[in-house]
**Student:** 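For reference, the structure I am asking about is given below.
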Protein chains: 2
Amino acid sequence: MERAESPPPGGVRADARRSRARLLEAARTMFASEGVDVSFNEIARRAGVGPATLYRHFPQREDLIAAVVGASLDEVTALAHTLDAELDPAGALSQWVAALVSHIRRVRGLSEEIMRALEVPDSPLAPHCAAALAAAETVLVRAQQAGRAHPEATTDDIVKIATAIAWTGEQSDTTTPATDRLVALVLHGIIGPGETQPLHA
Amino acid sequence: MERAESPPPGGVRADARRSRARLLEAARTMFASEGVDVSFNEIARRAGVGPATLYRHFPQREDLIAAVVGASLDEVTALAHTLDAELDPAGALSQWVAALVSHIRRVRGLSEEIMRALEVPDSPLAPHCAAALAAAETVLVRAQQAGRAHPEATTDDIVKIATAIAWTGEQSDTTTPATDRLVALVLHGIIGPGETQPLHA
DNA sequence: ACCTGAACACCGTTCAAGT
DNA sequence: ACCTGAACACCGTTCAAGT
(Lines give C-alpha, C1' and ligand atoms only; values in the text may rest on other atoms or scores of the structure.)
Protein backbone atom coordinates (compact mmCIF):
# COMPACT_ATOMS: atom_id res chain seq x y z
CA MET A 1 0.00 0.00 0.00
CA GLU A 2 1.18 3.56 -0.83
CA ARG A 3 1.51 6.68 1.30
CA ALA A 4 -1.93 8.10 2.07
CA GLU A 5 -0.78 11.70 1.45
CA SER A 6 -2.10 12.90 -1.89
CA PRO A 7 0.70 13.93 -4.28
CA PRO A 8 0.79 17.53 -5.55
CA PRO A 9 -1.45 18.27 -8.57
CA GLY A 10 1.42 18.28 -11.03
CA GLY A 11 2.71 14.94 -9.79
CA VAL A 12 5.87 14.36 -7.74
CA ARG A 13 8.86 16.27 -9.04
CA ALA A 14 11.62 14.18 -10.54
CA ASP A 15 14.33 15.38 -8.15
CA ALA A 16 12.14 14.61 -5.14
CA ARG A 17 11.57 11.11 -6.44
CA ARG A 18 15.28 10.66 -6.95
CA SER A 19 16.15 11.97 -3.48
CA ARG A 20 13.69 9.60 -1.88
CA ALA A 21 15.09 6.62 -3.77
CA ARG A 22 18.68 7.49 -2.83
CA LEU A 23 17.71 7.95 0.82
CA LEU A 24 15.97 4.60 0.92
CA GLU A 25 18.92 2.88 -0.70
CA ALA A 26 21.41 4.46 1.71
CA ALA A 27 19.23 3.60 4.69
CA ARG A 28 18.79 0.04 3.50
CA THR A 29 22.51 -0.65 3.32
CA MET A 30 23.33 1.19 6.54
CA PHE A 31 20.54 -0.47 8.51
CA ALA A 32 21.78 -3.83 7.31
CA SER A 33 25.39 -3.19 8.30
CA GLU A 34 25.18 -0.92 11.33
CA GLY A 35 21.63 -1.34 12.53
CA VAL A 36 18.73 0.99 12.88
CA ASP A 37 20.50 3.44 15.20
CA VAL A 38 22.92 4.87 12.65
CA SER A 39 23.37 8.60 12.45
CA PHE A 40 20.58 10.28 10.54
CA ASN A 41 23.01 12.84 9.19
CA GLU A 42 25.26 10.11 7.88
CA ILE A 43 22.44 8.49 5.97
CA ALA A 44 21.81 11.83 4.30
CA ARG A 45 25.52 12.23 3.57
CA ARG A 46 25.66 8.74 2.10
CA ALA A 47 22.64 9.50 -0.05
CA GLY A 48 24.27 12.70 -1.25
CA VAL A 49 21.54 15.00 0.03
CA GLY A 50 21.31 17.59 2.78
CA PRO A 51 20.00 16.66 6.22
CA ALA A 52 16.89 18.76 5.72
CA THR A 53 15.96 16.73 2.66
CA LEU A 54 15.98 13.57 4.75
CA TYR A 55 13.68 15.24 7.27
CA ARG A 56 11.39 16.43 4.50
CA HIS A 57 10.89 12.91 3.18
CA PHE A 58 10.88 11.13 6.53
CA PRO A 59 9.94 13.53 9.34
CA GLN A 60 10.25 10.88 12.02
CA ARG A 61 13.00 8.33 12.20
CA GLU A 62 10.37 5.62 12.36
CA ASP A 63 8.99 6.72 9.00
CA LEU A 64 12.27 5.79 7.39
CA ILE A 65 12.51 2.53 9.32
CA ALA A 66 8.98 1.54 8.33
CA ALA A 67 9.69 2.34 4.68
CA VAL A 68 12.81 0.19 4.73
CA VAL A 69 11.83 -2.86 6.79
CA GLY A 70 8.04 -2.84 6.59
CA ALA A 71 7.90 -5.10 3.55
CA SER A 72 10.23 -7.61 5.18
CA LEU A 73 7.92 -7.76 8.20
CA ASP A 74 4.99 -8.38 5.93
CA GLU A 75 6.77 -11.40 4.54
CA VAL A 76 6.65 -13.08 7.92
CA THR A 77 3.02 -12.22 8.16
CA ALA A 78 2.37 -13.94 4.86
CA LEU A 79 4.37 -16.95 5.98
CA ALA A 80 1.84 -17.67 8.70
CA HIS A 81 -0.79 -18.74 6.22
CA THR A 82 1.61 -21.04 4.40
CA LEU A 83 2.69 -22.71 7.62
CA ASP A 84 -0.89 -22.94 8.74
CA ALA A 85 -1.83 -24.82 5.60
CA GLU A 86 1.11 -27.19 5.57
CA LEU A 87 1.89 -28.05 9.19
CA ASP A 88 0.16 -29.45 12.25
CA PRO A 89 -1.15 -26.84 14.71
CA ALA A 90 1.76 -26.94 17.15
CA GLY A 91 4.31 -27.07 14.34
CA ALA A 92 2.82 -24.09 12.56
CA LEU A 93 2.83 -22.01 15.72
CA SER A 94 6.37 -22.78 16.72
CA GLN A 95 7.78 -22.48 13.21
CA TRP A 96 6.12 -19.13 12.80
CA VAL A 97 7.48 -17.82 16.07
CA ALA A 98 10.94 -19.00 15.09
CA ALA A 99 10.63 -17.26 11.73
CA LEU A 100 9.48 -14.04 13.36
CA VAL A 101 12.42 -14.07 15.73
CA SER A 102 14.92 -14.69 12.99
CA HIS A 103 13.48 -11.95 10.80
CA ILE A 104 13.60 -9.37 13.57
CA ARG A 105 17.13 -10.37 14.39
CA ARG A 106 18.35 -9.54 10.91
CA VAL A 107 18.44 -5.79 11.65
CA ARG A 108 20.07 -4.63 14.83
CA GLY A 109 17.88 -2.37 16.91
CA LEU A 110 14.73 -3.40 15.09
CA SER A 111 13.35 -5.29 18.08
CA GLU A 112 13.23 -2.08 20.07
CA GLU A 113 11.32 -0.32 17.31
CA ILE A 114 8.81 -3.12 17.05
CA MET A 115 8.28 -3.21 20.77
CA ARG A 116 7.63 0.51 20.78
CA ALA A 117 5.22 0.17 17.85
CA LEU A 118 3.33 -2.54 19.74
CA GLU A 119 2.74 -0.10 22.57
CA VAL A 120 2.10 3.19 20.78
CA PRO A 121 -0.47 2.53 18.07
CA ASP A 122 0.15 5.59 15.91
CA SER A 123 3.68 4.55 15.04
CA PRO A 124 4.47 4.16 11.33
CA LEU A 125 5.43 0.57 12.07
CA ALA A 126 2.11 -0.12 13.77
CA PRO A 127 0.25 -1.24 10.62
CA HIS A 128 2.88 -3.89 9.98
CA CYS A 129 2.71 -4.97 13.58
CA ALA A 130 -1.05 -5.18 13.38
CA ALA A 131 -0.73 -7.42 10.35
CA ALA A 132 1.71 -9.62 12.23
CA LEU A 133 -0.71 -9.83 15.15
CA ALA A 134 -3.47 -10.93 12.80
CA ALA A 135 -1.18 -13.59 11.37
CA ALA A 136 -0.35 -14.74 14.87
CA GLU A 137 -4.03 -15.20 15.52
CA THR A 138 -4.29 -17.68 12.67
CA VAL A 139 -1.67 -20.02 14.03
CA LEU A 140 -2.38 -19.41 17.71
CA VAL A 141 -6.11 -20.10 17.61
CA ARG A 142 -5.64 -23.31 15.70
CA ALA A 143 -3.06 -24.50 18.22
CA GLN A 144 -5.36 -23.58 21.07
CA GLN A 145 -8.30 -25.44 19.51
CA ALA A 146 -6.07 -28.48 19.19
CA GLY A 147 -5.22 -28.14 22.87
CA ARG A 148 -1.59 -27.47 21.98
CA ALA A 149 -1.32 -23.91 23.26
CA HIS A 150 -2.25 -22.27 26.52
CA PRO A 151 -5.89 -21.20 26.21
CA GLU A 152 -5.25 -17.80 27.76
CA ALA A 153 -2.28 -16.88 25.58
CA THR A 154 -2.94 -13.90 23.30
CA THR A 155 -1.41 -12.85 20.01
CA ASP A 156 0.09 -9.92 21.86
CA ASP A 157 1.86 -12.33 24.19
CA ILE A 158 3.23 -14.29 21.26
CA VAL A 159 4.58 -11.33 19.33
CA LYS A 160 5.98 -9.65 22.43
CA ILE A 161 7.80 -12.77 23.53
CA ALA A 162 9.19 -13.32 20.05
CA THR A 163 10.38 -9.72 19.93
CA ALA A 164 11.93 -10.01 23.37
CA ILE A 165 13.83 -13.14 22.38
CA ALA A 166 15.03 -11.47 19.21
CA TRP A 167 16.33 -8.63 21.34
CA THR A 168 18.25 -11.09 23.49
CA GLY A 169 21.90 -11.10 22.60
CA GLU A 170 21.43 -8.31 20.08
CA GLN A 171 24.33 -6.62 21.84
CA SER A 172 27.01 -9.11 20.88
CA ASP A 173 25.99 -10.96 17.71
CA THR A 174 25.06 -14.13 19.50
CA THR A 175 24.68 -16.94 17.02
CA THR A 176 21.22 -18.04 16.05
CA PRO A 177 21.30 -21.35 17.99
CA ALA A 178 21.35 -19.36 21.23
CA THR A 179 18.03 -17.71 20.50
CA ASP A 180 16.68 -20.95 19.05
CA ARG A 181 17.23 -22.49 22.47
CA LEU A 182 15.21 -19.75 24.12
CA VAL A 183 12.41 -20.11 21.61
CA ALA A 184 12.25 -23.85 22.18
CA LEU A 185 12.39 -23.41 25.93
CA VAL A 186 9.67 -20.80 26.01
CA LEU A 187 7.47 -22.81 23.70
CA HIS A 188 7.88 -26.05 25.56
CA GLY A 189 7.55 -24.32 28.85
CA ILE A 190 9.91 -24.09 31.73
CA ILE A 191 7.64 -25.42 34.41
CA GLY A 192 5.30 -28.10 33.25
CA PRO A 193 4.17 -31.56 34.28
CA GLY A 194 7.41 -33.27 33.45
CA GLU A 195 7.54 -33.33 29.68
CA THR A 196 11.07 -34.20 28.69
CA GLN A 197 11.29 -33.42 25.00
CA PRO A 198 14.75 -32.24 23.96
CA LEU A 199 15.12 -28.53 23.38
CA HIS A 200 16.05 -28.35 19.71
CA ALA A 201 12.59 -27.22 18.59
CA MET B 1 33.41 -5.82 48.26
CA GLU B 2 35.60 -2.74 47.57
CA ARG B 3 37.41 -1.55 44.43
CA ALA B 4 40.46 -3.70 43.74
CA GLU B 5 42.63 -0.65 42.96
CA SER B 6 44.93 0.13 45.86
CA PRO B 7 44.41 3.63 47.22
CA PRO B 8 47.35 6.05 47.13
CA PRO B 9 49.81 5.79 50.05
CA GLY B 10 48.47 8.88 51.78
CA GLY B 11 44.90 7.64 51.60
CA VAL B 12 42.16 9.04 49.35
CA ARG B 13 42.02 12.80 49.35
CA ALA B 14 38.99 14.34 50.97
CA ASP B 15 37.84 16.25 47.90
CA ALA B 16 38.04 13.09 45.78
CA ARG B 17 35.93 11.26 48.30
CA ARG B 18 33.40 14.07 48.27
CA SER B 19 33.27 14.22 44.48
CA ARG B 20 32.65 10.53 44.26
CA ALA B 21 29.82 10.69 46.77
CA ARG B 22 28.16 13.60 44.98
CA LEU B 23 28.44 11.81 41.64
CA LEU B 24 26.89 8.66 43.02
CA GLU B 25 24.07 10.61 44.60
CA ALA B 26 23.35 12.53 41.39
CA ALA B 27 23.48 9.35 39.32
CA ARG B 28 21.20 7.54 41.74
CA THR B 29 18.43 10.12 41.49
CA MET B 30 18.77 10.60 37.75
CA PHE B 31 18.85 6.89 37.01
CA ALA B 32 15.70 6.49 39.06
CA SER B 33 13.83 9.28 37.31
CA GLU B 34 15.18 9.26 33.75
CA GLY B 35 16.79 5.88 33.43
CA VAL B 36 20.31 4.74 32.78
CA ASP B 37 20.72 6.61 29.49
CA VAL B 38 20.81 10.12 30.91
CA SER B 39 23.45 12.50 29.73
CA PHE B 40 26.79 11.90 31.38
CA ASN B 41 27.51 15.61 31.30
CA GLU B 42 24.27 16.35 33.06
CA ILE B 43 25.08 13.97 35.87
CA ALA B 44 28.33 15.84 36.36
CA ARG B 45 26.51 19.18 36.25
CA ARG B 46 23.98 17.95 38.82
CA ALA B 47 26.79 16.76 41.04
CA GLY B 48 28.49 20.13 40.74
CA VAL B 49 31.71 18.80 39.26
CA GLY B 50 33.36 19.04 35.86
CA PRO B 51 32.83 16.34 33.24
CA ALA B 52 36.43 15.22 33.50
CA THR B 53 35.96 14.50 37.19
CA LEU B 54 33.16 12.11 36.36
CA TYR B 55 35.41 10.32 33.87
CA ARG B 56 38.19 10.15 36.40
CA HIS B 57 36.03 8.36 38.93
CA PHE B 58 34.07 6.24 36.46
CA PRO B 59 36.00 5.81 33.22
CA GLN B 60 33.28 3.69 31.61
CA ARG B 61 29.59 4.42 31.84
CA GLU B 62 29.06 0.89 33.11
CA ASP B 63 31.36 1.57 36.07
CA LEU B 64 28.91 4.19 37.28
CA ILE B 65 25.92 1.98 36.61
CA ALA B 66 27.45 -0.92 38.48
CA ALA B 67 28.29 1.31 41.43
CA VAL B 68 24.73 2.57 41.61
CA VAL B 69 22.59 -0.50 40.93
CA GLY B 70 24.93 -3.37 41.79
CA ALA B 71 23.80 -3.61 45.38
CA SER B 72 20.17 -3.69 44.34
CA LEU B 73 20.89 -6.61 42.03
CA ASP B 74 22.61 -8.43 44.85
CA GLU B 75 19.42 -8.14 46.86
CA VAL B 76 17.59 -10.30 44.35
CA THR B 77 20.42 -12.74 44.49
CA ALA B 78 20.07 -13.01 48.23
CA LEU B 79 16.33 -13.44 47.90
CA ALA B 80 16.82 -16.72 46.09
CA HIS B 81 18.03 -18.46 49.22
CA THR B 82 15.11 -17.18 51.26
CA LEU B 83 12.59 -18.34 48.69
CA ASP B 84 14.39 -21.64 48.36
CA ALA B 85 14.06 -22.25 52.10
CA GLU B 86 10.43 -21.22 52.43
CA LEU B 87 8.65 -22.33 49.26
CA ASP B 88 8.10 -25.49 47.23
CA PRO B 89 10.47 -25.98 44.28
CA ALA B 90 8.18 -24.62 41.56
CA GLY B 91 7.03 -21.74 43.75
CA ALA B 92 10.56 -20.71 44.62
CA LEU B 93 11.61 -20.70 40.97
CA SER B 94 8.69 -18.70 39.70
CA GLN B 95 8.70 -16.23 42.58
CA TRP B 96 12.37 -15.62 42.08
CA VAL B 97 11.99 -15.00 38.37
CA ALA B 98 9.14 -12.59 39.09
CA ALA B 99 11.28 -10.75 41.63
CA LEU B 100 14.18 -10.52 39.21
CA VAL B 101 11.96 -9.07 36.51
CA SER B 102 10.44 -6.51 38.81
CA HIS B 103 13.83 -5.42 40.12
CA ILE B 104 15.28 -4.93 36.66
CA ARG B 105 12.20 -2.99 35.63
CA ARG B 106 12.73 -0.41 38.33
CA VAL B 107 15.46 1.37 36.34
CA ARG B 108 14.78 2.13 32.71
CA GLY B 109 17.50 0.91 30.40
CA LEU B 110 18.93 -1.45 32.97
CA SER B 111 17.77 -4.55 31.12
CA GLU B 112 19.98 -3.64 28.20
CA GLU B 113 22.99 -3.23 30.47
CA ILE B 114 22.39 -6.55 32.12
CA MET B 115 21.98 -8.33 28.82
CA ARG B 116 25.27 -6.88 27.65
CA ALA B 117 26.97 -7.89 30.87
CA LEU B 118 25.70 -11.44 30.42
CA GLU B 119 27.45 -11.60 27.06
CA VAL B 120 30.68 -9.73 27.70
CA PRO B 121 32.23 -11.14 30.86
CA ASP B 122 34.60 -8.29 31.67
CA SER B 123 31.80 -5.80 32.21
CA PRO B 124 31.68 -4.08 35.61
CA LEU B 125 28.19 -5.51 36.01
CA ALA B 126 29.37 -9.04 35.28
CA PRO B 127 30.17 -9.97 38.90
CA HIS B 128 26.65 -9.09 39.96
CA CYS B 129 25.27 -11.06 37.03
CA ALA B 130 27.42 -14.02 37.97
CA ALA B 131 26.01 -13.89 41.48
CA ALA B 132 22.51 -13.82 40.08
CA LEU B 133 23.30 -16.81 37.89
CA ALA B 134 24.54 -18.71 40.92
CA ALA B 135 21.33 -17.84 42.76
CA ALA B 136 19.33 -19.01 39.77
CA GLU B 137 21.09 -22.33 40.00
CA THR B 138 19.84 -22.87 43.53
CA VAL B 139 16.18 -22.54 42.63
CA LEU B 140 16.44 -24.05 39.16
CA VAL B 141 18.20 -27.26 40.13
CA ARG B 142 15.76 -27.92 42.92
CA ALA B 143 12.82 -27.44 40.57
CA GLN B 144 14.43 -29.73 38.04
CA GLN B 145 15.04 -32.44 40.66
CA ALA B 146 11.40 -32.21 41.60
CA GLY B 147 10.51 -32.66 37.93
CA ARG B 148 8.97 -29.19 37.87
CA ALA B 149 11.34 -27.54 35.41
CA HIS B 150 12.60 -28.55 32.01
CA PRO B 151 15.70 -30.69 32.58
CA GLU B 152 17.67 -28.93 29.86
CA ALA B 153 16.96 -25.39 31.03
CA THR B 154 20.06 -23.53 32.20
CA THR B 155 20.53 -20.65 34.59
CA ASP B 156 21.57 -18.58 31.61
CA ASP B 157 18.21 -19.30 29.98
CA ILE B 158 16.37 -18.24 33.13
CA VAL B 159 18.19 -14.97 33.64
CA LYS B 160 18.10 -14.07 29.95
CA ILE B 161 14.38 -14.70 29.70
CA ALA B 162 13.73 -12.70 32.85
CA THR B 163 15.82 -9.84 31.49
CA ALA B 164 14.04 -9.97 28.16
CA ILE B 165 10.63 -9.82 29.81
CA ALA B 166 11.77 -6.91 31.96
CA TRP B 167 12.81 -5.13 28.77
CA THR B 168 9.35 -5.70 27.31
CA GLY B 169 7.30 -2.57 27.49
CA GLU B 170 10.18 -0.57 28.90
CA GLN B 171 9.39 1.96 26.17
CA SER B 172 6.02 3.05 27.46
CA ASP B 173 5.76 2.40 31.20
CA THR B 174 3.55 -0.62 30.84
CA THR B 175 2.06 -1.54 34.17
CA THR B 176 3.46 -4.47 36.05
CA PRO B 177 0.52 -6.82 35.39
CA ALA B 178 1.45 -6.88 31.72
CA THR B 179 4.87 -8.32 32.41
CA ASP B 180 3.45 -10.56 35.11
CA ARG B 181 1.32 -12.13 32.39
CA LEU B 182 4.37 -12.84 30.29
CA VAL B 183 6.24 -14.32 33.20
CA ALA B 184 3.35 -16.62 34.00
CA LEU B 185 2.92 -17.59 30.38
CA VAL B 186 6.59 -18.34 29.88
CA LEU B 187 6.76 -20.31 33.08
CA HIS B 188 3.68 -22.34 32.42
CA GLY B 189 4.61 -22.86 28.84
CA ILE B 190 2.84 -21.89 25.70
CA ILE B 191 2.73 -25.29 24.13
CA GLY B 192 2.30 -28.10 26.56
CA PRO B 193 0.15 -31.15 27.05
CA GLY B 194 -3.01 -29.30 27.83
CA GLU B 195 -2.49 -27.87 31.29
CA THR B 196 -5.15 -25.27 31.88
CA GLN B 197 -4.02 -23.39 34.95
CA PRO B 198 -5.01 -19.72 34.88
CA LEU B 199 -2.25 -17.27 34.04
CA HIS B 200 -2.03 -15.19 37.16
CA ALA B 201 1.17 -16.83 38.44
C1' DA C 1 46.54 13.79 43.50
C1' DC C 2 42.72 15.71 42.05
C1' DC C 3 39.79 19.20 39.89
C1' DT C 4 38.50 22.64 36.35
C1' DG C 5 36.68 24.59 32.28
C1' DA C 6 37.62 25.00 27.61
C1' DA C 7 37.97 22.39 23.55
C1' DC C 8 36.95 18.90 19.65
C1' DA C 9 34.20 16.36 16.71
C1' DC C 10 29.93 14.79 16.47
C1' DC C 11 24.77 14.45 16.73
C1' DG C 12 19.60 15.70 15.76
C1' DT C 13 16.91 19.28 14.09
C1' DT C 14 15.53 23.63 11.99
C1' DC C 15 15.67 27.72 9.18
C1' DA C 16 16.54 31.25 5.67
C1' DA C 17 17.86 31.28 1.20
C1' DG C 18 18.04 29.52 -3.24
C1' DT C 19 16.16 27.48 -7.92
C1' DA D 1 7.87 22.28 -4.77
C1' DC D 2 11.93 20.88 -3.42
C1' DC D 3 16.79 21.24 -2.12
C1' DT D 4 20.81 23.33 0.18
C1' DG D 5 24.14 24.39 3.56
C1' DA D 6 24.69 26.96 7.56
C1' DA D 7 23.15 27.29 12.13
C1' DC D 8 21.79 25.97 17.11
C1' DA D 9 22.03 23.49 21.17
C1' DC D 10 23.50 19.45 22.69
C1' DC D 11 26.34 15.17 23.47
C1' DG D 12 30.63 12.20 24.85
C1' DT D 13 35.32 12.63 25.61
C1' DT D 14 39.91 14.63 26.27
C1' DC D 15 43.49 17.91 27.42
C1' DA D 16 46.25 21.69 29.26
C1' DA D 17 46.23 24.28 33.13
C1' DG D 18 45.54 25.03 37.80
C1' DT D 19 45.96 24.09 43.15
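Values reported hereafter were calculated over all heavy atoms of this structure, with side chains retained and with hydrogens, waters and symmetry mates removed.
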**Student:** From CG of A/Asp37 over to P of C/dC11, roughly how many Å is that when rounded to an integer?
**Tutor:**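 For the pair A/Asp37 CG and C/dC11 P, the rounded distance is 13 Å.
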**Student:** Would you mind reading off the distance between A/Arg61 atom CZ and C/dG12 atom C1', rounded to a whole angstrom?
**Tutor:**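 Whole-Å distance recorded here is 9 Å.
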**Student:** Are side-chain heavy atoms of B/Leu125 and B/Leu118 found at a separation under 4.5 Å?
**Tutor:**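 In short, these two side chains do not touch, never coming nearer than 4.5 Å.
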**Student:** What is the separation between atom CD on B/Glu42 and atom P on D/dC11, rounded to the nearest whole Å?
**Tutor:**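 It works out to 6 Å between those atoms.
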**Student:** Looking at D/dC2, I'd like to know if its phosphate oxygens (OP1 or OP2) sit under 4.0 Å from a side-chain N or O belonging to A/His57.
**Tutor:**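 No, A/His57 has no side-chain N/O under 4.0 Å of OP1/OP2 on D/dC2.
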**Student:** NA contact type, A/Asn41, heavy-atom cut-off 4.0 Å: base, sugar-phosphate, or nothing?
**Tutor:**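 The residue A/Asn41 makes base contact.
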**Student:** Determine the contact category for B/Phe40: base if any of its heavy atoms lies under 4.0 Å from a base atom, sugar-phosphate if only primed atoms, P, OP1 or OP2 are that close, otherwise nothing.
**Tutor:**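 Touches sugar-phosphate only.
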**Student:** How many whole angstroms separate atom CG of A/Leu23 from atom P of D/dC2?
**Tutor:**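 Answer to the nearest Å: 14 Å.
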**Student:** In terms of side-chain geometry, is the basic nitrogen of A/Glu25 or A/Arg28 positioned less than 4.0 Å from the acidic oxygen of its partner?
**Tutor:**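 Here A/Glu25 pairs with A/Arg28 in a salt bridge, since their nearest N and O are under 4.0 Å apart.
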**Student:** Are B/Glu119 and B/Lys160 ion-paired here, with the side-chain N under 4.0 Å from a carboxylate O?
**Tutor:**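 Result for this pair is yes, salt bridge flagged.
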**Student:** To the nearest Å, give me how far apart CZ (B/Arg13) and P (D/dG18) are.
**Tutor:**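 For the pair B/Arg13 CZ and D/dG18 P, the rounded distance is 16 Å.
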**Student:** Could you check whether A/Ser39 gets within reach of a base, just the sugar-phosphate, or nothing at all, counting any heavy atom under 4.0 Å?
**Tutor:**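 Sugar-phosphate only.
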**Student:** Scan residues 165-185 of chain B for pairs that pass ring-ring contact (aromatic ring centres under 6.0 Å, His included), counting only residues two or more places apart or in two chains.
**Tutor:**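 Every pair satisfying ring-ring contact (aromatic ring centres under 6.0 Å, His included) with a residue in residues 165-185 of chain B: A/Trp167-B/Trp167.
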**Student:** Could you tell me the Watson-Crick or G-U partner of D/dT13, where both distances fall under 3.5 Å? Say none if there is no partner.
**Tutor:**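 Pairing partner, where one exists within any strand: C/dA7.
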**Student:** Considering only side-chain heavy atoms of A/Pro51, which listed nucleotide, D/dG5, D/dT13, C/dC2, is closest?
**Tutor:**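 Nucleotide nearest to A/Pro51's side chain: D/dG5.
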**Student:** Find the distance A/Arg22:CZ to D/dC2:C1' and express it as a whole number of Å.
**Tutor:**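 Distance check: A/Arg22 CZ to D/dC2 C1' gives 15 Å.
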**Student:** Which part of the nucleic acid, if any, lies within reach of B/Ala52 when heavy atoms closer than 4.0 Å are counted: base, sugar-phosphate only, or nothing?
**Tutor:**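 Counting heavy atoms under 4.0 Å across all strands, the contact made by B/Ala52 includes a base.
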**Student:** As a quick check of understanding, evaluate side-chain hydrogen bond (donor to acceptor under 3.5 Å, both in side chains) for A/Asp74 and A/Thr77, giving each step before the final call.
**Tutor:** CA-CA 5 Å; A/Asp74 294 342; A/Thr77 299; 4.6 Å; no
**Student:** Send over the distance from B/Gln60 CD to D/dT13 P, rounded to a whole Å.
**Tutor:**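 My rounded result for the distance is 8 Å.
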**Student:** Among the candidates C/dC3, D/dT4, D/dC2, find the nucleotide nearest to the side-chain atoms of A/Arg56.
**Tutor:**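 That would be D/dC2.
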**Student:** Both distances below 3.5 Å, Watson-Crick or wobble geometry, any strand: find the nucleotide opposite C/dC2.
**Tutor:**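 By the stated definition (distances under 3.5 Å), D/dG18 pairs with C/dC2.
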**Student:** Taking OP1 and OP2 of D/dC2, is either one under 4.0 Å from a side-chain nitrogen or oxygen of A/Ser19?
**Tutor:**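 So the side chain of A/Ser19 is outside the cut-off, no N or O lying under 4.0 Å from OP1 or OP2 of D/dC2.
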**Student:** Which whole-number value in Å describes the distance from B/Arg45 CZ to D/dG12 C1'?
**Tutor:**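 Atom CZ in B/Arg45 sits about 12 Å away from atom C1' in D/dG12.
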